[in-house]
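Note on naming: letters A, B, ... go to the chains in the order of the sequence lines (proteins, then strands), and numbering restarts at 1 for each one.
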Protein chains: 2
Amino acid sequence: MKYNQVTIKDIARELGISPSTVSRALKDHPDISPETKKAVNELAEKLNYQPNIVALSLRQSKTNTLGVVIPEIVHFFFSTVISGIEDVAYSAGYNIIITQSNESLQREKTDIKALFNSRVDGMLISLSRETNSFEHIDAMMAKGVPMVFFDRVYDSANSSKVIVDDLSGAKEATLHLIEQGCKRIAHLEGPPNLDITKQRLQGFREALTENNLPVHEDLIVSCPQGTIEEGKAAAEKLLKMANPPDAIFATNDPAAMGAMQTIKEAGLKIPQDIAVVGFSNWFFSSLMDPPLTSVDQPGFEMGQEAAKLLIRQIEVKSKEHIDPTPETKLLKTRLIVRDSSLKSGKKK
Amino acid sequence: MKYNQVTIKDIARELGISPSTVSRALKDHPDISPETKKAVNELAEKLNYQPNIVALSLRQSKTNTLGVVIPEIVHFFFSTVISGIEDVAYSAGYNIIITQSNESLQREKTDIKALFNSRVDGMLISLSRETNSFEHIDAMMAKGVPMVFFDRVYDSANSSKVIVDDLSGAKEATLHLIEQGCKRIAHLEGPPNLDITKQRLQGFREALTENNLPVHEDLIVSCPQGTIEEGKAAAEKLLKMANPPDAIFATNDPAAMGAMQTIKEAGLKIPQDIAVVGFSNWFFSSLMDPPLTSVDQPGFEMGQEAAKLLIRQIEVKSKEHIDPTPETKLLKTRLIVRDSSLKSGKKK
DNA sequence: ATGAAAGCGCTAACAC
DNA sequence: GTGTTAGCGCTTTCAT
């Protein structure tokens, strides 16, 4: 924008002093006389002077801007993460530039390059579903661009990341069902290639074995997309069994929702006949009928932690001129108990 | 970022030519020899040269960046709008800087000032709920910053805006119910101070009168927050009436959802006994039970249109050096017919 | 206590 | 066809 921006020069000219003096006065430099400071600040105020951050950025090779690459913005979890990033960035005086890869590797590459060209001070990245090669990431790292990955992380030794502790979350959810007195707990499993799927299944298994309950392999049903439809189909299959489960721990909320629909249509009561627990990408568990007890994924906190980590790395690097050591932050989930799996022991 | 950025100078030095020649070669300037171009481009490629956009921005007083001020990111409607903005901005070669006001006027002021300092080429703004004074906006306009408002707009003669045609949307929704054969249609009304509330009520009334149906004032129930709870309370009130309605047009989806819950709990069938239509901030109408027929608010399109409008204004202004005339874009809604209000005439 | 000058990386008028 | 120069707005030595 050209337009009517007031510059330091304008103030200098008007006051008959030099631009450097104005610059110093504005930042309260010790060896500027109080009178000069006063005059400068008053005129700046009067003219509504606003420093040109672009010039500053060029001068200091620091933009105070974080680049964010996200698979899609319209997604409760990711928009929550953005909000968390924005929260921390704002407090620390950083802007955020948002790009969305739309789950495309090509787009992700372009985005990262564009962010580099904008000379962001660092990047926060959640990888696209397509991403299976990492040269574009490595290239940035080689240039020394600070990066922090979140949720969909780059699993490399020297990358910093923030992830959710899915194993503990799944364990907690299963444990909760066990405490309600459930004995035959089914698990609706997620996409087989994802790490989170394995973690959640593992947590499920551990909770059972640690409580001396058998793991019935036939009660583990795959929902490769984790959709409502798959949840329905899985529940149908489970209900048809000779000895159906008394509880379901679903890989995510849509699957849980589908299962709930099927159970209700079969005339069974939730949670009296079958208790249900989900693993949440949404906050909609509260809206389900009955409300769904769910493992809450801390998106906001993830954004905050990722931004904090990145900003710390940026500042360490700029001050100490050393590459900060990569860090991994594991976020705890929180089980939000609602109606669909009672708090008081329903069976003894 | 300082780090290892390759500059035009590096290429010039290595090739023994001047920086300006490199600059021209890189942008395929006509009077640079093919050989020089080739040499430059190859070396640039080899060194992985990336232009420094900050320097470019300073030089041209143009950042190719749009600032976005939004009340909250974690909201289906707004995140959809952001996605639309990002879509258009990306194609046009613009970055977007996102700020969220968190519905605070103070924060909105800070955000706008920060965006100005970053010298964004223009701003896309949806006002906070608190915003009742407009000096901060007027100040930016006075400086000549191109601005486009969307959804929560600044209702001034010389501001450009993109809004949804709530009146037609409400009319269409009501008309749909009339076509189903409904005679006594209730309306759950929204927050009384908002313009959209009036528009929707007006559309509701017009649809009835144009179809020679009486407007029963007692079937218009206020839901000042438009929440689930209010929807429930409103439905309870309506069901208690001596002559209850045969359809409900709700101000938004939560209210519709609440009403649906109450209706189902009363043992009535939707849509056979009472048809329901919502006005959507969410895409969740498809998940309701039965799925909710809903007036879809085109958030993505709104973001696209707002970004297009802003970019056009920016480019007109920079080329023709005149202030572009303010424009208003009225977006059509789309009635998405699902199960909860049948397509075929249910009553004759 | 203040000013002059250089430079961040890039481009564009003006040489030649 | 290519080099020289100046300047975008700012800060920061280095003078004085």
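- In this structure, a donor-acceptor pair under 3.5 Å is present between the side chains of A:Ser83 and B:Gln100.
- A search for side-chain contact (heavy atoms from CB on, under 4.5 Å) contacts involving B:Asn41 returns B:Leu26, B:Lys37, not counting sequence neighbours.
- Heavy-atom distances under 4.0 Å link DNA chain C to no residue of residues 31-43 of chain B.
- Listed by chain and residue number, nothing satisfies the salt bridge (Lys or Arg N to Asp or Glu O under 4.0 Å) test with B:Glu301 (two or more places apart in sequence, or in another chain).
- Annotation: ring pair (Phe, Tyr, Trp, His ring centres under 6.0 Å) contacts of B:Tyr94 (sequence neighbours excluded): none.
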With 3.5 Å as the limit, what N/O pairs link the protein to nucleotides 6-10 of chain D?
from: D:dG7; atom 1: N2; to: B:Arg59; atom 2: NE; distance (Å): 3.0
from: D:dC8; atom 1: OP2; to: A:Lys9; atom 2: NZ; distance (Å): 3.4
from: D:dC8; atom 1: O2; to: B:Arg59; atom 2: N; distance (Å): 3.4
from: D:dG9; atom 1: N2; to: A:Ala55; atom 2: O; distance (Å): 3.3
from: D:dC10; atom 1: OP1; to: A:Tyr49; atom 2: OH; distance (Å): 2.6
from: D:dC10; atom 1: OP1; to: A:Asn52; atom 2: N; distance (Å): 3.3
from: D:dC10; atom 1: OP2; to: A:Ile8; atom 2: N; distance (Å): 2.7

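- Looking at residues two or more places apart in sequence or on another chain, you find a side chain to side chain donor-acceptor pair (under 3.5 Å) between A:Thr131 and A:Glu108, A:Ser128.
- B:Asn64 has its CG atom 16 Å from the P atom of C:dC10, to the nearest Å.
- A salt bridge between A:Asp151 and A:Lys161 is absent, with no side-chain N of the basic residue lying under 4.0 Å from a carboxylate O of the acidic one.
- Rounding to whole angstrom units, NZ of residue A:Lys27 and P of C:dT2 are separated by 17 Å.
- Rounded to whole Å, atom P of D:dT2 lies 11 Å from atom NE2 of B:His29.
- Ion pairing between a basic and an acidic side chain is recognised when a charged N comes within 4.0 Å of a carboxylate O; B:Lys308 and B:Glu305 show such pairing.
- If you take CZ of B:Arg13 and C1' of C:dC10, they are 15 Å apart, rounded to a whole angstrom.
- Relative to the ring axis of B:Phe116, B:Arg119 places its NZ or CZ within 45° and under 6.0 Å from the centre.
- Residues satisfying the side-chain contact (heavy atoms from CB on, under 4.5 Å) test with B:Leu15, not counting sequence neighbours, are B:Ile11, B:Ile17, B:Ala39, B:Val40, B:Leu43.
- With sequence neighbours excluded, the residues forming a side-chain contact (heavy atoms from CB on, under 4.5 Å) with B:Ser57 are A:Val54, B:Ile53, B:Thr63, listed by chain and number.
- Atom CG of A:Leu26 and atom P of C:dT2 are 14 Å apart (whole Å).
- In this model, the phosphate group of C:dG3 is approached by a side-chain N or O of A:Thr21 to a distance below 4.0 Å at OP1 or OP2.
- Looking at A:Glu86 and B:Arg107, a side-chain N of the basic residue comes within less than 4.0 Å of a carboxylate O on the acidic one, giving a salt bridge.
- An end-to-end axis angle of 50° holds for the helix from C:dA1-D:dT16 to C:dC16-D:dG1, taken from five base pairs per end and rounded to 10°.
- Under the rule for a ring pair (Phe, Tyr, Trp, His ring centres under 6.0 Å), B:Phe300 has no partner lying at least two apart in sequence or in another chain.
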Report, one pair per line, the protein and nucleotides 14-16 of chain C atoms (nitrogen or oxygen only) whose separation is under 3.5 Å.
none

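- Between A:Ile17 atom CD1 and C:dG3 atom C1' the separation is 10 Å, expressed in whole Å.
- Residues in residues 41-64 of chain B take part in no ring pair (Phe, Tyr, Trp, His ring centres under 6.0 Å) pair, two or more places apart or across chains.
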